[in-house]
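Contents: one structure, followed by commentary.
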There are 2 protein chains.
Amino acid sequence: MPAKKTSKEELTVKAMQLFRKKGYFNTSIKDLSEACNIPKSHFYYYFKGGKVDLMVEVLEAVRGYFTERVFPIATNVDLSNEEKWSKIAEKLQRIFLSQKGGCIMGLTTLEISNAPEKDVFLPIIQSYFSEMINCIEGIYTGQPNSRELATRAVQDIQGGLMLMQLYGDSSYFLSALERSHPNKQGI
Amino acid sequence: MPAKKTSKEELTVKAMQLFRKKGYFNTSIKDLSEACNIPKSHFYYYFKGGKVDLMVEVLEAVRGYFTERVFPIATNVDLSNEEKWSKIAEKLQRIFLSQKGGCIMGLTTLEISNAPEKDVFLPIIQSYFSEMINCIEGIYTGQPNSRELATRAVQDIQGGLMLMQLYGDSSYFLSALERSHPNKQGI
DNA sequence: GTCTATAGCTGGATAGAC
DNA sequence: GTCTATCCAGCTATAGAC
């Protein structure tokens, strides 16, 4: 395992934590370098395109994590829909409650959607949310309007993450998870 | 009507539009001054506390608008719950679809909730969302769990505004409004 | 690959003329 | 009240030694 690869991954993880907490525009390369105990210029060695390049790497890493570790749960044929959901809900709780800060995808969307960087960042985030909606839709099999229910679940969760940040109270997020349980989707 | 008051209001409105589109950290005093065709220093005459002070004024103006013009619809005794909701939904559509940009309250929450400015900004936004939840709860009278349903509606709408920004498609927001109709809250 | 040093610019904010 | 001029801190990014 080459040292380069390891270091770049470490920087990406640290950057993710900071972007998630403080947002893209309010996180400076100086903040990052101090959090990593390296000189600022080191970032420009690994991320030739500067801050934008770094953010792309971060967003793709987050999306990749969900694509590989979270969303595939929905296609596991050995699990019932209830089991799939409880496993996914557990993962989401670990991800969004384990550290301060909210959802980097939601925050970046709002920060960036009217800025020049949108052309680079938004496509990655769009894939992320499309995959998430598809994932949940797969768990709502049998419902005639499974697509709308899945979209609603994602919106509810995303709004819950926002109110969680606002009031410092995780119950908004947790309630959204409960409401999104496949057992509760009957109309 | 003194000239001072008028000018300050104009600056506040322009600032609101920019903050809503670009966010707090990515909007500079220079951006604002160019949008208003005045020198930068002019802002510091009206808003002694600088950018923070200006943002407080903006957030309070937005909150004030909803408190005076939107939320009172829910307590109008001449209207049925359906009528109340359709009037409120109409207002929300005018507010959130008439111009580019999303919800300044949601964006600011996520941008600021781990920054020093949170102590000044978040209380105003908290009042705004608490009033909104109360407002919708008042329309869900008769439902045993009206509070949870109202909270869900706010989260759904807020998530819808986010996906609207992300995909450039207002149907996420509009679907949330439809789902939040008091007629559809039976369990 | 990792560092120091610094360029070059833009940020928020202020002083002071008018 | 409104302007010009300016300060200084902070930013991204690069050059170049080691």
Side-chain angles (χ1 to χ4, degrees), chain A residues 1-19 21-59 107-108 111-112 114-121, chain B residues 1-19 21-59 107-108 111-112 114-121:
Chain A
M1 185 184 327
K4 180 184 172 181
K5 183 88 185 188
T6 309
S7 281
K8 188 170 179 177
E9 273 173 8
E10 282 170 11
L11 296 186
T12 305
V13 169
K14 261 278 179 252
M16 193 269 279
Q17 294 170 347
L18 275 182
F19 283 138
K21 261 185 64 175
K22 306 188 41 168
Y24 178 73
F25 291 114
N26 194 34
T27 301
S28 69
I29 305 292
K30 194 192 166 204
D31 292 335
L32 290 164
S33 67
E34 283 173 359
C36 298
N37 280 311
I38 57 167
K40 290 193 296 176
S41 61
H42 204 146
F43 276 94
Y44 295 92
Y45 172 74
Y46 285 120
F47 307 97
K48 304 296 183 197
K51 199 178 172 182
V52 171
D53 200 8
L54 170 59
M55 187 55 151
V56 166
E57 214 78 26
V58 166
L59 294 175
L107 168 52
T108 308
E111 271 196 301
I112 226 73
N114 290 289
E117 293 92 335
K118 67 172 186 298
D119 299 325
V120 192
F121 296 164
Chain B
M1 187 187 326
K4 180 184 171 181
K5 182 86 185 189
T6 309
S7 281
K8 187 170 180 177
E9 274 174 8
E10 282 170 11
L11 296 186
T12 305
V13 169
K14 261 275 178 255
M16 194 268 279
Q17 293 169 347
L18 275 182
F19 282 138
K21 261 185 64 175
K22 306 187 41 168
Y24 178 74
F25 292 115
N26 194 34
T27 302
S28 68
I29 306 291
K30 193 190 166 209
D31 293 334
L32 290 164
S33 67
E34 284 172 0
C36 300
N37 281 312
I38 57 166
K40 289 196 298 175
S41 61
H42 205 148
F43 275 94
Y44 295 91
Y45 172 74
Y46 285 120
F47 307 96
K48 304 296 183 196
K51 199 179 174 183
V52 172
D53 200 8
L54 170 58
M55 187 56 153
V56 166
E57 214 78 27
V58 166
L59 294 175
L107 169 52
T108 307
E111 272 197 300
I112 226 73
N114 290 290
E117 294 92 335
K118 68 173 185 299
D119 299 325
V120 192
F121 296 164

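This structure is a prediction, so every number in the text was calculated from the model and none was measured. We name chains A, B, ... by the order of the sequence lines, and we start the count at 1 in each one.
The aromatic rings of His42(A) and Tyr45(A) stand perpendicular to each other, their planes meeting at an angle above 60°, with 30° marking the opposite boundary.
Listed by chain and number, the residues in a side-chain contact (heavy atoms from CB on, under 4.5 Å) with Phe121(A) are Tyr24(A), Val52(A), Met55(A), Val56(A), Leu59(A), Thr108(A), Ile112(A), Glu117(A) (sequence neighbours excluded). Under the side-chain contact (heavy atoms from CB on, under 4.5 Å) criterion, Leu107(B) pairs with Leu110(A), Glu111(A), Glu111(B), not counting sequence neighbours. For Tyr44(A), the side-chain contact (heavy atoms from CB on, under 4.5 Å) partners two or more places apart in sequence, or in a different chain, are Ile29(A).
Heavy-atom distances to DNA chain D give each of Lys51(A) and His42(B) a nearest nucleotide, and the one nearer the 5′ end belongs to His42(B).
If you measure from atom OH of Tyr46(B) to atom C1' of dC3(D), you get 13 Å, rounded to the nearest angstrom. When the C1' atom of dT2(C) is taken as reference, atom CZ of Phe43(A) falls 13 Å away, rounded to whole Å. Distance, Leu11(A) CG to dG1(C) P: 13 Å, rounded to whole Å.
The minimum heavy-atom distance between Ala35(B) and Lys14(B), with the atom names listed, is O-CE, 3.4 Å.
Within residues 23-41 of chain B, the residues approached by DNA chain D to less than 4.0 Å at the level of any non-hydrogen atom are Pro39(B), Ser41(B), in residue-number order.
Checking the phosphate oxygens (OP1, OP2) of dT14(C), no side-chain nitrogen or oxygen of Tyr44(B) falls inside 4.0 Å.
Screening residues 27-40 of chain B for salt bridge (Lys or Arg N to Asp or Glu O under 4.0 Å), with sequence neighbours left out, gives Lys22(B)-Asp31(B), Lys30(B)-Glu34(B).
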